[in-house]
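Down below is the structure, laid out as structure tokens.
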2 protein chains.
Amino acid sequence: MNKSEIGKAIKQRRKFLRITQKELSEIVGLGLRSLIDMESGKGNSSIDQLQKVISALGLSITVKVKENE
Amino acid sequence: MNKSEIGKAIKQRRKFLRITQKELSEIVGLGLRSLIDMESGKGNSSIDQLQKVISALGLSITVKVKENE
DNA sequence: ATGAATTGTGCTTTATATTGCACATTTACT
DNA sequence: AGTAAATGTGCAATATAAAGCACAATTCAT
């Protein structure tokens with residue numbers, strides 16, 4: 001998954017949980033602006049930021065050896 | 001996986017491929033210092049940095065709904 | 001259709017990552 | 001053990017992300 005796809009996964013999950021960006025940004029303690037950029041794949045957020053959002057949404061991040069496609 | 005575990009995965013993979021940190025940093029176009037911090041889980045690198053390293057090592061990053069543990 | 005909430009953008013300031021350097025420590029080879 | 005390569009750390013300069021603001025655009029309910 002690339003940055004943009006990660007953003008989409010976050011957005012999708014957030015919507016599934018029926019949380020607004022503003023709510024999530026407050027829960028996570030992250031600027032609304034940064035969250036918007038993260039979801040749209042525009043910014044270049046830090047791992048810490050990403051982790052906060054991901055864990056708040058009940059998601060997890062995994063690094064593994066790439067499968068052959 | 002948290003930041004530190006991701007770093008370990010990177011380090012493990014790099015060693016498996018018998019590449020030095022310096023070599024990898026040059027391949028990826030990333031400062032040696034940053035790579036060291038990334039592997040040891042000390043820094044707080046950006047997604048772009050992380051992605052570069054990960055893809056150079058034939059790894060991939062995935063975000064998915066967290067399993068029940 | 002319209003009004004309100006939500007999402008998104010340009011700009012600026014502030015906070016923080018990135019980098020290189022010089023040196024310390026650890027690892028690996030003979 | 002001795003030496004060279006590899007890995008790691010403190011510090012300073014530079015590059016870039018984070019945040020808030022004001023406003024625009026879109027989405028959503030009534």
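Just so we're on the same page: letters track the sequence lines, and every chain starts at 1. Below, each value reflects all heavy atoms present in this structure, side chains not excepted, and no hydrogens, waters or symmetry copies.
- A pairwise comparison of heavy atoms in A/L35 and A/S25 identifies CD2-N, 3.9 Å as the closest pair.
- Residue B/D37 contributes atom CG, which lies 13 Å from atom C1' of D/dC11 at whole-angstrom precision.
- Taking every heavy atom of both residues into account, A/K52 and A/V28 meet most closely at CB-CG1, 3.4 Å.
- Neither OP1 nor OP2 of D/dA6 sits under 4.0 Å from any side-chain N or O of B/R18.
- Summarising the geometry, the separation between CZ on A/R33 and C1' on C/dT6 is reported as 15 Å, rounded to the nearest angstrom.
- Closest to the side chain of B/T20, from the set D/dG8, D/dA6, C/dA17, is D/dA6.
- The shortest heavy-atom contact between A/A9 and A/L59 is O-CD1, 4.4 Å.
- No contact: B/S40 has no heavy atom under 4.0 Å from any strand.
- Considering only side-chain N and O atoms, B/S46 lies under 4.0 angstrom from the phosphate OP1 or OP2 of C/dT18.
- Residue A/E39 contributes atom CD, which lies 12 Å from atom P of C/dT9 at whole-angstrom precision.
- Taking atom CD1 of residue A/I36 and atom P of nucleotide D/dA25, one finds them 15 Å apart after rounding to whole Å.
- For the pair A/L32 CG and C/dG10 P, the interatomic distance rounds to 15 Å; values are reported in whole Å.
- Between C/dT19 and B/S34, a contact under 4.0 Å exists linking OP1 or OP2 to a side-chain N or O.
- The CD1-P distance, from A/I47 to C/dT18, rounds to 9 Å in whole Å.
- Contact between the side-chain N/O atoms of B/K42 and the OP1/OP2 oxygens of C/dT16 is not found at any separation under 4.0 Å.
- Here A/Q21 does not reach the OP1 or OP2 of D/dT27: none of its side-chain N or O atoms lies under 4.0 Å away.
- Partner of B/V63 under the side-chain contact (heavy atoms from CB on, under 4.5 Å) criterion, chosen from A/M1, A/K8, A/R13, A/E5: A/M1.
- D/dA15 atom P lies 17 Å from atom CG of A/N44, rounded to whole Å.
- By the 4.0 Å N-to-carboxylate-O rule, B/E23 lies too far from B/R14 to be salt-bridged with it.
- Between B/Q49 and the phosphate of C/dT18, there is a side-chain N or O to OP1/OP2 separation shorter than 4.0 Å.
- Across the protein-nucleic acid pair, A/M38 atom CE and D/dA19 atom P stand 9 Å apart, rounded to whole Å.
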